[in-house]
Amino acid sequence: MGIALASEERLASLGTGEPALATLCSHSSLQIFHGARAEGFRTIGISVGAPHRFYEAFPKARPDEFLQVPAAREIVGLAERLRREGAIIVPHGSFVEYVGPEAFQALEVPVFGNRAVIGWESDREKERQWLEGAGVRMPRRFETAGEVDGPVIVKYYGAKGGKGFYLAKNREALATFRPSGPHVIQEYVLGTRYYVHFFYSPLHRDGYRVGEGSLELLGMDRRDEANIDELYKLGAQEELLKAGIRPTFVVTGNVPVVLRESLLPQIFEIGARIVERSIELFGGMVGPFCVEGIMTEELEFKVFEISTRIVAGTNLFVNGSPYSDLTEPGLSMGRRIAREVRAARRAGRLAEILS
Ligand code: AMP
């Protein structure tokens, strides 16, 4: 047996019946419901206000039942109902942001994955401690503007959707920057971005072994980010600034990518080290996580962020990806999650994948 993340008390609501998989109606909910249904689970959509009509357009991804809340934060008020339904919550990339970290931690409903990860992911300082402790290369961080020796990206704490970033080509350009709040100055890494979709199973004993379990690579994407992605068409930064146009990184969509095959060993090693360190720090990450970084021309991957839940880039691969097809044709991340619940339930090991 591996590390138990959930107490017996937390799992009591699951009883012996078939659980239902529930998530907030947003982000990657279509894929989560689609995957859960494909594995034979009942599905519950938690909707803020009336459910969006677009679910009617996707019969294979429509949840069996909708529960409504006036605001995402009020999901706590649904806890009793969700327990009665034997629900397991599958949190996605927007879940914690909308519900709030405190409400999420306090939610008395079994959750897929280890909720202790929140404390390490939502704080950029602790995230760096985790990743650097894992021996993962990250963009350099400058304590003062005087140390800057190249292009930098300035990130305000809690900047959402990439807004609140500032780019400077060099130290001189940074000198004109007047910060309006707490921020970090980071090396602006030149290269190409990759968002790598991993799944860590503490149960699976085959494949690429890490810890007691195994690491799977299910896909990769690159994010379309407005307005930075098209900004080059307007010419040089200084000219743009004069015109009052500042770059932003607001995600508007995703495109599929694959990596040079010779770079896969590096990517797997990074994923494995992040998982190993998470086991030492807080009992381990379970399920989907995304390593987000930039491959430089020296072919060194520098990680600027990690997301520890299913990311929206996986929505590209509802019917499998060039990677997941090599494990099992047609396997989506949503379906992989449902499959892990099924396997754990059969083996009597739900405490190791739920919290
Ligand atoms: P983040 O909020 O850290 O996920 O960053 C949002 C976006 O900013 C990323 O998707 C990248 O496009 C860009 N970005 C973040 N950090 C860096 C960096 N150190 N160098 C270059 N681009 C970055």
Side-chain angles (χ1 to χ4, degrees), residues 20-38 41-79 81-82 85 87-107 109-113 115 117-118 121-122 158-163 195 197 218-219 221 223-226 249-255 287-290 292 305 307-318 332-338 341:
L21 298 192
T23 197
L24 201 59
C25 288
S26 169
H27 189 267
S28 45
S29 67
L30 287 168
Q31 188 201 154
I32 292 170
F33 297 138
H34 177 259
R37 288 175 63 141
F41 285 103
R42 223 164 17 99
T43 50
I44 301 172
I46 302 161
S47 161
V48 176
H52 289 297
R53 275 189 64 206
F54 70 70
Y55 285 98
E56 304 302 331
F58 302 114
K60 292 192 169 153
R62 187 185 185 281
D64 295 309
E65 185 187 355
F66 285 106
L67 298 179
Q68 282 189 45
V69 281
R73 279 169 201 277
E74 298 188 33
I75 193 173
V76 177
L78 276 185
R81 171 74 189 271
L82 288 165
E85 300 258 5
I88 294 172
I89 288 187
V90 178
H92 51 55
S94 298
F95 196 99
V96 178
E97 191 189 325
Y98 295 163
V99 171
E102 292 82 21
F104 177 69
Q105 293 281 17
L107 203 55
V109 181
V111 162
F112 183 76
R115 39 182 126 182
V117 73
I118 298 297
E121 176 212 41
S122 50
K160 290 240 159 56
K163 278 195 176 169
Y195 300 73
H197 316 153
L218 267 72
D221 76 296
R223 293 181 186 159
D224 280 338
E225 295 174 324
F249 296 78
V250 178
V251 180
T252 59
N254 304 80
V255 288
F289 68 100
C290 180
E292 309 173 7
E305 180 86 281
S307 297
T308 57
R309 278 164 296 285
I310 179 171
V311 288
T314 60
N315 291 340
L316 286 163
F317 307 121
V318 167
S332 72
M333 189 64 89
R335 189 159 186 179
R336 183 65 191 84
I337 293 170
V341 174

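Because the structure is predicted, anything quoted here is derived from the model rather than measured. Along the sequence shown, residues carry numbers from 1.
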For His27, ring-ring contact (aromatic ring centres under 6.0 Å, His included) partners two or more places apart: His92
Residues forming a ring-ring contact (aromatic ring centres under 6.0 Å, His included) with Phe41, sequence neighbours excluded: none
Please report the interatomic distance [atom1]([X]) to [atom2]([Y]), rounded to the nearest 0.5 Å.
X: Ile89; Y: Phe95; atom1: CD1; atom2: CZ; answer: 4.5 Å
X: Thr23; Y: Phe112; atom1: OG1; atom2: CZ; answer: 12.0 Å
X: Ser332; Y: Ile310; atom1: OG; atom2: CD1; answer: 7.0 Å

Listed partners of Arg42 passing salt bridge (charged side-chain N to carboxylate O under 4.0 Å, His left out), at least two apart: Glu85
[X]: what forms a side-chain contact (heavy atoms from CB on, under 4.5 Å) with it, not counting sequence neighbours?
X: Glu305; answer: Arg124, Glu127, Glu292
X: Ala72; answer: Leu24, Val48, Tyr98, Val99
X: Leu67; answer: Ile44, Glu65, Leu78, Arg81, Leu82
X: Phe66; answer: Cys25, Ser47, Pro51, Tyr55, Arg62, Pro63

Donor-acceptor contact present, side-chain Arg115 to main-chain Leu107, <3.5 Å: yes
Any donor-acceptor N/O pair, Ser28 side chain to Asn315 backbone, under 3.5 Å: no
Going by side chain to side chain donor-acceptor pair (under 3.5 Å), name the residues that satisfy it together with [X], two or more places apart in sequence or in a different chain.
X: Thr314; result: Gln31
X: Thr308; result: Glu121
X: Glu225; result: Arg193

Listed once per pair and sorted, the side-chain hydrogen bond (donor to acceptor under 3.5 Å, both in side chains) pairs that draw on residues 67-79, sequence neighbours left out: none
Heavy-atom closest contact ([X] atom, [Y] atom, distance):
X: Ala87; Y: Pro110; value: O-CD, 3.7 Å
X: Arg309; Y: Pro91; value: CD-CB, 3.5 Å
X: Ile337; Y: Pro288; value: CD1-CG, 3.7 Å

Residue pair Leu30 / Phe54, side-chain heavy-atom distance below 4.5 Å: yes
Ile32 side chain reached by Leu21 side chain, heavy atoms, under 4.5 Å: no
Pairs involving residues 25-37, ordered by first then second residue, that meet salt bridge (Lys or Arg N to Asp or Glu O under 4.0 Å) (sequence neighbours left out): none
Val311/Arg223 under side chain to side chain contact (heavy atoms under 4.5 Å, CB included): CA gap, chis, key distance, verdict: CA-CA 11 Å; Val311 288; Arg223 293 181 186 159; 3.9 Å; yes
